[in-house]
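Remarks on the structure that follows.
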Amino acid sequence: MVTDNSTGERFCARCGFVINERIDDNSGPERRAFSKEEHEDRARTGLPSSLAVHDMGLATMIGHDDRDSTGKPLSVSMKSTIKRLRKWDSRSQIHESQDKNFRQAFSELDRIKDKIALSNSVVEKTAYIYRKAVEKNLTKGRSISGMIAAAIYLACRETGTPRTLNDVACQINIKRKDVSRCYRLLLKELDLTMPVVDPIRCISRIANQVKLSEKVKRHAITILEDANKIEITAGKDPMGLAAAALYLSCVINNDVVTQKVIAKAAGVTEVTIRNRNKGLRELLDIKIPSKPNMANIAQI
DNA sequence: TAAGATAAGAGGGACAT
DNA sequence: ATGTCAGTCTTATCTTA
């Protein structure tokens, strides 16, 4: 059994069977303590600082009454020192609009992360990317939701978490093309290169959703591996490929699943499955038993 | 009812102007 | 910068088994 903190999935290391898609990341030290020993034991105190909090959880302001920590009035020289510090402290708030931006973006992020089961590492990565984007002034004139959506998608791609543009766009309630535009902008401006999504990773996600057998899943993976070898996968939607491979695998294994069901789980249309299906069959020269019969079942 | 076929349209990359 | 082209995917509709 392996836990993948980057995708938030727990699966069998040998066969890839996904047990549950969402796990809590408990790998960090405990934050609460119930006894004195525990209290002394715990490795950190307070909330962890996070990139996904607008001020990274480190809000400190200099107060306005001129007293020290014990409540005594400050000396005159200290008073003037504090006054100067206070001035700079407030000047640092010229980043207020940026701060507002982060606040809105990260509340959006927080709202979405549960909906599409994002792990903490994806959330942190998203926040990091978003901060970079703001730094580079990429958010000016663009919607915050669009940019945060793009950052989420980017973080998913980077961590190999199989989420589609549509997954993200739907939850944020924004058009797919807007997210994709922002996404490409981020790629370009932040000088990032993204490896193509491995369709094989998509298979477990779809198969899990449709509750397909391990045999079908493994067969679909071998189909995709073959397809990769003869290079017919370039430029195709990885989800579509994965869906088609799964469908093909179902047919071969006499598993009755409709294209519709798989298409829905994969987030592609039936037509796409059919097209990929056709390509896979032709180029891999896969023979389909025309009618399921006992001979076929016996063979398997 | 599921699967296949076909056509129109959208969005984006490559390339030329 | 703008237009065109080939290729992909989606939506919609019709036919076939």
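Reminder, nothing fancy here: chain letters follow the sequence lines and each chain counts from 1. Bear in mind that the values here come from a model prediction, so they are computed numbers and not experimental data.
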Using whole Å, what does the distance between atom [atom2] of nucleotide [N] and atom [atom1] of [X] come to?
| X | N | atom1 | atom2 | value |
| --- | --- | --- | --- | --- |
| A:Glu270 | C:dT15 | CD | P | 18 Å |
| A:Leu280 | B:dG4 | CG | P | 13 Å |
| A:Lys260 | B:dG4 | NZ | P | 15 Å |
| A:Lys188 | B:dG12 | NZ | P | 13 Å |
| A:Ile273 | C:dT11 | CD1 | C1' | 15 Å |
| A:Arg184 | B:dA14 | CZ | P | 11 Å |

- [ ] Using side-chain hydrogen bond (donor to acceptor under 3.5 Å, both in side chains) as the criterion, list what pairs up with A:Asp110, not counting sequence neighbours.
- [x]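 So A:Asp110 forms a side-chain hydrogen bond (donor to acceptor under 3.5 Å, both in side chains) with A:Lys113.
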
Open item on the list: Please report the interatomic distance OG(A:Ser249) to CG(A:Leu280), rounded to the nearest 0.5 Å.
Closed with: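 Reported value, rounded in 0.5 Å steps: 11.5 Å.
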
Please output the side-chain donor-acceptor pairs of residues 264-272 of chain A that fall under 3.5 Å, not counting sequence neighbours, one pair per line with the distance.
residue	atom	partner	partner atom	Å
A:Thr269	OG1	A:Thr272	N	3.3
A:Thr269	OG1	A:Thr272	OG1	3.1

Open item on the list: For A:Asp178 and A:Thr258, find the nucleotide of DNA chain B closest to each by heavy atoms; which residue's nucleotide sits nearer the 5' end?
Closed with: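 So the residue in question is A:Thr258.
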
Measuring to OP1 and OP2 of [N], would you say a side-chain N or O of [X] lies under 4.0 angstrom away?
| X | N | answer |
| --- | --- | --- |
| A:Lys278 | B:dG4 | no |
| A:Thr272 | C:dT8 | no |
| A:Arg176 | B:dA10 | no |
| A:Arg181 | B:dG12 | yes |

- [ ] Could you check whether A:Thr269 gets within reach of a base, just the sugar-phosphate, or nothing at all, counting any heavy atom under 4.0 Å?
- [x]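 Here A:Thr269 touches the bases of the nucleic acid.
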
Open item on the list: Using a heavy-atom cut-off of 4.0 Å across all strands, would you classify A:Tyr183 as base, sugar-phosphate, or nothing?
Closed with: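 A:Tyr183: no heavy atom of the nucleic acid under 4.0 Å.
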
